[in-house]
Amino acid sequence: MTTNPIILQRADPQILLHSDNRYYFIASVPEYDRIELRRADSITALSSTADVVTVWHKPDSGPTSDLIWAPEIHHIFGHWVIYFAAAPNREIFNDAFQHRMYALTCHDDDPINGQWTFAGQVDSGIDTFCLDATAFTHQQQHYYVWAQKHPVFQGNSCLYIATLADATTLSSDPVMISRPEFNWEIKGFWVNEGPAVLIRNGKVFISYSASATDERYCMGLLWAGEHENLLDAEVWQKSPKPVFASRPEADIYGPGHNSFTRDPERTKDYLVYHARNYTDIQGDPLWDPNRHTCVQTFDWDDQGFPVFGEPQPEMDDD
């Protein structure tokens, strides 16, 4: 067993198992000033012997000069892309930060040693605070899923989906598929963010995180049938209860902003998430650096749904 957390002070973690059977790790750094990428032959090696590079550093001024949040790496359209959120400053406008989504691209096979290029903004067509983009491919169609402040509805962010024409250009109008509505989604802040996609057992699942980023942070779950029109908001169903939440008896608080990965043999499923080990946060939890990366296995029930259970102090890597 490997003890959680596996990587300290890395929030919003994503671990990608690529076709080369190596693991790529990316996350928010506490300084919010750069994008780091790691690669290793195993999940546990990501914290010890991994290759680590800074693929991009924020400029001193301009729309991407502050608060670099929640990068994600994907290999789509035949090349690498990193999506990330950035703001021009830390001022609040319209009850939110001023983040928009941007992308880096790399057309080399090796993203660690390859050349990364700033590819500009990924424009959703809605000019409001947005963050936490992910991408997935289903039935030969590329999709983009992200969190964005709705122009009318109360709250910091809702979840949207659209199709992609290429890695940085939407080919459909954005469709809102979830907004904060249940009590556990509106504690501290009205939030649906951090989507992660899992396709299995005839369904497309989207996990997400809700509420403030302290011990109240938790995960919810959406799903739709694999043959449904994923751009139809009506096909998406939503769990009325959180599917993953704090576990005080184990000192694991605010688990969320997850991603999914597997073992190299594709026989085990892993939930990757961040969490803190205390609740006594001084000031705004956004500036507390101690959200750590954790990993654990999860199972499936008889109806084909993921069962995440409770946050565990160990990662089952037998």
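Residue indices begin at 1 and follow the sequence shown.
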* To do: Please name all residues satisfying salt bridge (Lys or Arg N to Asp or Glu O under 4.0 Å) with Asp288, sequence neighbours left out, ordered by chain then number.
  => Arg276

* ILVMFWY clustering at 4.5 Å (side-chain atoms), partners of Tyr217 -> none

* Asked: Who else is in Tyr278's hydrophobic cluster (ILVMFWY, side-chain heavy atoms under 4.5 Å, direct or via others)?
  -> Ile281

* Can you name the residues that form a salt bridge (Lys or Arg N to Asp or Glu O under 4.0 Å) with Asp232, not counting sequence neighbours? -> none

* To do: Return yes when atom CD of Glu265 has more than 12 non-hydrogen atoms of other residues, nucleotides or ligands closer than 6.0 Å, and no otherwise.
  => yes

* To do: Please name all residues satisfying side chain to side chain donor-acceptor pair (under 3.5 Å) with Trp80, sequence neighbours left out, ordered by chain then number.
  => none

* To do: Could you tell me which residues satisfy side chain to side chain donor-acceptor pair (under 3.5 Å) with Glu234, sequence neighbours excluded, listed by chain and number?
  => none

* Would you please name every residue forming a side chain to side chain donor-acceptor pair (under 3.5 Å) with Thr261, sequence neighbours left out? => none

* How is the hydrophobic cluster of Phe189 composed, in terms of its other members, when Ile, Leu, Val, Met, Phe, Trp and Tyr link through side-chain heavy atoms under 4.5 Å apart, directly or indirectly? -> Val191

* Asked: Which residues satisfy the salt bridge (Lys or Arg N to Asp or Glu O under 4.0 Å) test with Glu226, sequence neighbours excluded?
  -> none

* For Lys238, which residues count as a salt bridge (Lys or Arg N to Asp or Glu O under 4.0 Å) partner, sequence neighbours excluded? -> Glu181, Glu185

* For residues 60-71, pull every pair meeting side-chain hydrogen bond (donor to acceptor under 3.5 Å, both in side chains), keeping only residues two or more places apart or in separate chains. => Asp66-Arg90

Anything under 3.5 Å between a donor and an acceptor, one on a side chain of residues 112-121, the other on a protein residue two or more places apart or in another chain? List them.
{"residue": "Asn113", "atom": "ND2", "partner": "Asp110", "partner atom": "OD2", "Å": "2.7"}
{"residue": "Trp116", "atom": "NE1", "partner": "Pro111", "partner atom": "O", "Å": "2.8"}

